[in-house]
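The block underneath contains the structure these notes are about, expressed in structure tokens.
Predicted model only: the values in this text are computed from it and were never measured. Labels below follow one simple rule: chain letters A, B, ... track the order of the sequence lines, proteins then strands, and each chain is numbered from 1.
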Amino acid sequence: MSEQDGGAPEQGAPRPKKQKKRKKPKRPVPRLARGFRDQPPGKLVARRKMIETVSRVYESYGFTPLETPAIEYVDVLGKFLPESETPEGGIFTWKYDDDEWVALRYDLTAPLSRYVAKNFQELGVPFRRYQAGQVWRLEKPEPGRFREFTQLDIDIVGAGSVLGDAEIVTVLSEAMEALGIERGSYEVRLNDRKVLNGLLEVAGVNEDQVATVLRALDKLDRLGEEGVRLLLGPGRKDAGSGKGEGDFTKGAGLGDEQIETLLRFVLTPAEGRSRYLEIAGELLAESKVGLEGLAEMVELDEILTERGIEGDRVVFDPGVVRGLAYYTGPVVEVVLTYPVPDGQKPFGSVAGGGRYDDLVSRFTGQKVPATGASIGVDRLLDALERLGKVEPRSGMCPVLIAMVEKQYRATYQRWANQLREAGIPTELYVGSGGLGKQFKYADRRQFTAVVVAGGNEIAEDQVSVKDLRLGQELSADTAVSRANAGEDEEAARTQAAADRRAWLEALPGQVTVAEGDLTETVKGILARYQSPSS
RNA sequence: GCAGCCGUAGCUCAGCUGGUUAGAGCGCCUGACUGUGGAUCAGGAGGCCGCAGGUUCAAAUCCCGCCGGCUGUACCA
């Protein structure tokens with residue numbers, strides 16, 4: 001930075017450092033808030049499509065859309081710590097203008113129960129609605145887990161029978177298939193909280209052990225039988241990483257016999273609903289709640305069978321717990337059963353839900369049964385992406401019209417309109433720079449076709465259209481051919497020049513047609529890459 | 001939250017036991033090849049060496065704290 005120097009190289013090191021610091025103005029770093037992310041166009045469009053597809057299924061079953069605000073009073077959401085006057089952690093909260101605590105919603109179910117309680121008179125039950133929206137949770141972000149994500153909910157309020165639960169289960173299954181997830185590649189897993197409660201009763205689990213036990217059972221898929229056994233008994237030390245140790249998790253302290261009773265049921269293979277019903281029948285004979293739950297499952301099995309929904313779509317799985325949530329009856333979980341690509345993490349559940357009969361009564365004191373489920377849109381989308389089931393170019397404009405010579409601007413604009421009228425999204429290049437730059441732009445933005453016409457074409461009433469993807473393939477071939485040119489520099493240079501000439505002359509993937517055939521030609525190119533799904 | 005590992009250019013990383021202007025590959029930008037993305041060639045931009053302290057004549061390198069990332073675990077309405 002300074003011209004003069006020399007002299008004393010042996011000291012004065014710290015000083016220039018400070019000067020440097022002062023010189024640079026403090027600019028904000030363009031960083032993202034922890035746990036949040038941008039959504040690139042491809043993802044956004046794919047997400048929108050997914051929501052549309054599923055919504056259509058929902059509507060076909062009589063569900064209607066509803067939107068509630070992103071912010072609710074904290075006590076409405078049910079997150080309140082009366083002791084400290086401060087809301088519990090885990091959610092985004094702040095004090096609103098009238099000195100009351102508000103929060104960003106952490107799910108769509110709590111706001112729904114608020115809505116129902118508020119409008120109960122006019123609504124009439126059963127009330128079916130679906131809702132897609134962002135929810136926010138202030139938790140530790142992890143790969144695939146963010147502080148803002150999208151849920152797609154479906155609920156029936158005011159229907160107490162398992163017919164409502166069956167409806168939810170059916171719609172979830174239909175939704176998966178509408179998204180192109182083949183039967184057999186997903187599984188709707190069903191269980192019942194009453195059955196679980198009965199099981200705990202039979203096993204002689206104390207009131208204060210219930211939470212720990214349920215949590216432990218919920219971890220079967222991740223920790224395996226041995227891990228769960230430890231958590232039910234003395235406790236478990238996690239693997240940590242590297243040199244080990246790790247943290248110790250306290251167990252429920254159950255006896256061997258109790259553990260055996262629990263595991264005997266929970267480890268029952270999920271295939272065949274009748275097997276589930278059989279074992280539950282044997283185990284729960286002594287438990288009132290258990291038998292209630294069993295009766296629900298029996299009826300669910302009947303209803304589903306009547307609907308023609310067999311075990312290849314909906315299974316009964318005693319291992320489904322669904323956390324400590326507010327569920328009171330049947331609980332559902334949807335998992336993808338595609339084989340996991342080598343070494344990657346399993347897909348996990350992409351949707352979940354169940355019956356919650358106490359949520360509205362929080363407000364009204366009146367018991368209003370409800371049942372529903374929520375699809376984790378981002379997670380499901382990520383899974384489909386990993387499986388290559390999402391068109392990576394979705395949302396990208398397919399056609400670019402190059403601004404070859406400004407004098408033909410009017411013509412280019414006319415063509416653009418013509419293509420749009422034919423239903424083809426078309427972009428007119430509005431940047432600066434020559435053709436080379438425009439092609440680079442087209443390449444990076446992943447256009448499928450470029451319309452290019454200068455004086456040469458226009459004089460003949462013609463137009464050139466280049467298939468970019470085809471061109472890319474063709475040019476890859478020439479690149480290979482010149483790889484073995486040898487070491488001789490001179491030869492290599494002429495070879496390169498020749499390549500250049502050949503490349504320019506070949507105009508790979510490009511055709512020149514009569515102006516009148518523009519639309520058809522473009523359509524033809526786009527048709528080559530049309531994916532069958534969309 | 002707890003525990004362990006990690007933090008050098010946009011990306012992947014090099015920089016030995018502290019020693020003068022911190023490097024590479026890829027990517028990016030400009031230009032050449034006279035209307036075409038590839039290839040080739042010539043230039044170029046870009047680093048508070050995560051942040052803030054400390055030890056030292058001297059720190060990207062050693063020590064401490066914080067922040068951030070990864071992994072496991074806890075929580076997950």
Worksheet item: With a 4.0 Å cut-off, would you call Lys367(A) and Asp358(A) a salt bridge?
Response: yes

Item to complete: Could you tell me whether Arg37(A) and Glu148(A) make a salt bridge, using a distance below 4.0 angstrom between a side-chain N and a carboxylate O?
Response: no

Worksheet item: So which of Ile168(A), Thr328(A), Asp192(A) actually passes side-chain contact (heavy atoms from CB on, under 4.5 Å) with Arg355(A)?
Response: Thr328(A)

Work out how far the [atom1] atom of [N] is from that of [M], and round it to whole angstrom.
N: A14(B); M: U55(B); atom1: C1'; answer: 27 Å
N: G19(B); M: C11(B); atom1: P; answer: 26 Å
N: C75(B); M: C64(B); atom1: P; answer: 32 Å

Any cation-pi pair here, [X] with [Y], using under 6.0 Å and within 45°?
X: Arg137(A); Y: Tyr106(A); result: no
X: Arg469(A); Y: Tyr529(A); result: yes
X: Lys466(A); Y: Phe439(A); result: yes

Counter-base of [N], judged by Watson-Crick or G-U geometry with both distances under 3.5 Å:
N: U73(B); result: G1(B)
N: C62(B); result: G54(B)
N: G43(B); result: C29(B)
N: G23(B); result: C13(B)

Is the phosphate of [N], meaning OP1 or OP2, less than 4.0 Å from a side-chain N or O of [X]?
X: Arg145(A); N: C76(B); result: no
X: Arg34(A); N: G69(B); result: yes
X: Lys140(A); N: U71(B); result: no
X: Arg137(A); N: C75(B); result: no
X: Arg105(A); N: A77(B); result: no
X: Arg469(A); N: G38(B); result: no

Once you apply a heavy-atom cut-off of 4.0 Å, does [X] come out as touching a base, just sugar-phosphate, or nothing?
X: Gly323(A); answer: sugar-phosphate
X: Glu142(A); answer: base
X: Lys250(A); answer: nothing
X: Gln151(A); answer: nothing
X: Gly434(A); answer: nothing
X: Gln438(A); answer: nothing
X: Leu359(A); answer: nothing

Worksheet item: Counting heavy atoms not belonging to Tyr73(A), are there more than 12 under 6.0 Å from its OH?
Response: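 Counting neighbours around OH of Tyr73(A), more than 12 heavy atoms of other residues, nucleotides or ligands fall under 6.0 Å, so yes.
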
Fill in: Crowding at CD, Gln134(A) (>12 non-hydrogen neighbours, <6.0 Å)
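Yes.
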
N/O to N/O distances under 3.5 Å, protein versus nucleotides 26-29 of chain B:
| unit_1 | atom_1 | unit_2 | atom_2 | d |
| --- | --- | --- | --- | --- |
| C29(B) | OP1 | Arg444(A) | NH2 | 2.7 |

Worksheet item: After noting the C-alpha distance and the side-chain angles of Glu427(A) and Tyr441(A), does the key distance pass the side-chain hydrogen bond (donor to acceptor under 3.5 Å, both in side chains) rule?
Response: CA-CA 12 Å; Glu427(A) 175 177 332; Tyr441(A) 171 82; 2.6 Å; yes

Which nucleotide in the set [options] lies at the smallest distance from any side-chain heavy atom of [X]?
X: Gln510(A); options: G37(B), U36(B), G35(B); answer: U36(B)
X: Leu435(A); options: G35(B), C75(B), G37(B); answer: G35(B)
X: Asp107(A); options: A77(B), U36(B), U73(B); answer: A77(B)

Worksheet entry | No-H, no-angle donor-acceptor pair, Asp443(A) side chain to G38(B) base, under 3.5 Å | no

Discussion item. Between G1(B) and Glu139(A), counting only base atoms on the nucleotide and side-chain atoms on the residue, is there a donor-acceptor pair under 3.5 Å?
Written reply: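 Absent.
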
